Protein chains: 2
Amino acid sequence: MNKGTPREIVGRRTRPAKAPLSRDVIVSTALDILERDGLAGLSLRRVATALDTGAASLYVYLANLDELHALMLDAALAAVQLPKARGLPWRNRLKKFLLSYLQVLYERPGLAQLAMSTIAAGPNSLRIWEGMLVLLTEGGVEDGKAAWGVDLLILYVTAIAAEQSNWRGQDQGLGRVKSALSAVSKDEFPLVFAIKETLLSGGNNRAEWALDAIIDGLLGARKPSASKARGKGGKE
Amino acid sequence: MNKGTPREIVGRRTRPAKAPLSRDVIVSTALDILERDGLAGLSLRRVATALDTGAASLYVYLANLDELHALMLDAALAAVQLPKARGLPWRNRLKKFLLSYLQVLYERPGLAQLAMSTIAAGPNSLRIWEGMLVLLTEGGVEDGKAAWGVDLLILYVTAIAAEQSNWRGQDQGLGRVKSALSAVSKDEFPLVFAIKETLLSGGNNRAEWALDAIIDGLLGARKPSASKARGKGGKE
DNA sequence: ACCTGAACACCGTTCAAGT
DNA sequence: ACCTGAACACCGTTCAAGT
């Protein structure tokens, strides 16, 4: 992130007693805390303490906690593997892309929840959007469908990651899901009872299965707006 | 919710100076607060104040805030319109069902966010699960597919409601999305630039379009597990 | 311009003490 | 058994004061 105008070393010992603050250090410190302690453990005060300062100091670089969240999300999304130049068919590349996105969200707990409540509009989010639009367009999906389609795919990936994150949420854990399911009455909810195990099964394949289903649906789906060749919105 | 063993009126004036606490009053008071002030305005202390007591008193009826959230969600889901006995084709009934679910989440701000972070396992959630499984089964979707399919549909509905709720989130609002999009560079992200308006368009039809796409995908999707006619799980 | 301590107005949860 | 006040250990954000 440093623009890097080369600088001479000024002091003998380059161990600044206190690293100078900046958006970048704040964001990466916050991501460290998120990784270690989850979303519940993340606060401006903790970030400030980790940087050996007070929370008020952060307000020079951030408007508020929401902005930190948005910056964290976009910074984390830098790790998403963008699709390589053509080689595999578009659909395989799209799936790899989406699974990479999913994995990034999975890896650090809390990031997915953050993604659900934050409007991501930084450069990395935009790169991801653009990349997916390219692939869908390459796959022959029309403009309108592609836009809504990317939104649908990203929303699903984010949601499934957030859901899984909850289940791993330190205190409650998967246990609560299991005990809730095991208490289901066979007489009252026979079908739910019957699919109890299926519901917990699947693991990694589950998301891939769902993404396949959504992509299939997208390919078959009708165009978003009335199909008139591009009229100015005249009704009928 | 009253089981209603008939009771004689005891006092002359039946205006209890203080309504007795119970899970039900706590939950419905909390839902009122959610409706008025959103998720950010909801706290145990506020619920307690509204009930003219202290936060500590609530712990007789609730293990913690998480439990209140779960109870609130399930209580709110009572408003979801279950599908009527057969009449319309299963697919229409499924869509109506899902749209009713969506509407309930839309109606009170914060409920969807709550749904994303809470494991819903109360009677109303189970009724909804059971109802959807019935419809998919009626539609000829196999068992395994039906289970994952309901999960996919519900997750999507919840996620899209939560996303919309964020955009309406009092302070930031839709404005932030718009300004973020209008700042998109035409040269760097041409496809995103091109679909800016499409992205914001759609409103109600959008969710319906997406649900159609997902259902289509579901109907075409392969079965979750290996497709052997129902072996006991022997591999190959 | 940047940083700071102290304050303000909140949180969830616990606990000893009351009835 | 139920309720309570006070306390504990936190929050985000603001602001006057320092450099």
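So that the names make sense, note that chain A is the first sequence line, chain B the second, and so on, each numbered from 1. Note that the coordinates shown come from a computational prediction; the quantities given were computed from them, not determined experimentally. These numbers come from the heavy atoms of this one structure, side chains and all, not from hydrogens, waters or symmetry mates.
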Test item: [X] and [Y] side chains (from C-beta on) under 4.5 Å apart, heavy atoms:
| X | Y | result |
| --- | --- | --- |
| A:L111 | A:L39 | no |
| A:W209 | B:W148 | yes |
| B:E188 | B:F193 | no |
| A:R23 | A:E67 | yes |
| A:M72 | A:T118 | no |

Practice problem: Grab the CG-P distance between B:L21 and D:dA1 for me, whole Å please. | Solution: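 Value for this atom pair: 17 Å.
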Quiz item: How long is the line joining CG of A:L51 and P of C:dC2, in whole Å?
Solution: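 Atom-to-atom, A:L51 to C:dC2, this comes out as 16 Å.
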Self-check item: Nearest to side-chain heavy atoms of A:Y61, which nucleotide of D:dC3, C:dC2, C:dT4
Solution: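 Within the option list, the nearest is C:dC2.
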Quiz prompt | Partner of A:L62 under side chain to side chain contact (heavy atoms under 4.5 Å, CB included), chosen from A:V27, A:V47, A:L44 | solution =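 Going through the options one by one, the only one that passes is A:L44.
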Quiz item: For DNA chain C, what is the dot-bracket line, given that a base pair needs Watson-Crick (N1 to N3, plus N6-O4 or O6-N4) or G-U wobble (N1-O2 and O6-N3) geometry with both distances under 3.5 Å, and | means paired with another strand?
Solution: ||.|||||...|||||.||
Quiz item: When you measure from the side chain of B:E130 to the backbone N and O of A:L191, does any donor-acceptor pair fall under 3.5 Å?
Solution: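 The answer is yes, because a donor-acceptor pair under 3.5 Å joins these two groups.
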Quiz item: Can a side chain N or O of B:T53 be found less than 4.0 Å away from OP1 or OP2 on D:dC3?
Solution: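 So the side chain of B:T53 is outside the cut-off, no N or O lying under 4.0 Å from OP1 or OP2 of D:dC3.
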Exercise. Using the P atoms only, state how far C:dA9 lies from D:dA9, rounded to an integer number of Å.
Key: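 Comparing P positions in D:dA9 and C:dA9 gives a spacing of 23 Å.
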Anything under 3.5 Å between a protein N or O and an N or O of nucleotides 10-17 of chain C, put it in a table, one pair a line.
from	atom 1	to	atom 2	distance (Å)
C:dC11	OP1	B:S43	OG	3.1
C:dG12	OP1	B:L44	N	3.1
C:dG12	OP2	B:L44	N	3.1
C:dG12	OP2	B:R45	N	3.4
C:dG12	N7	B:R45	NH1	2.5
C:dG12	O6	B:R45	NH1	2.7
C:dT13	OP2	B:Y59	OH	2.6
C:dT13	OP2	B:L65	N	2.9
C:dT13	O5'	B:Y59	OH	2.9

Extract all donor-acceptor atom pairs below 3.5 Å that involve side chains of residues 94-106 of chain A and protein atoms in other chains or at least two apart in sequence.
from	atom 1	to	atom 2	distance (Å)
A:K95	NZ	A:E208	OE2	3.1
A:K95	NZ	A:D212	OD2	3.0
A:S100	OG	A:Q81	N	2.8

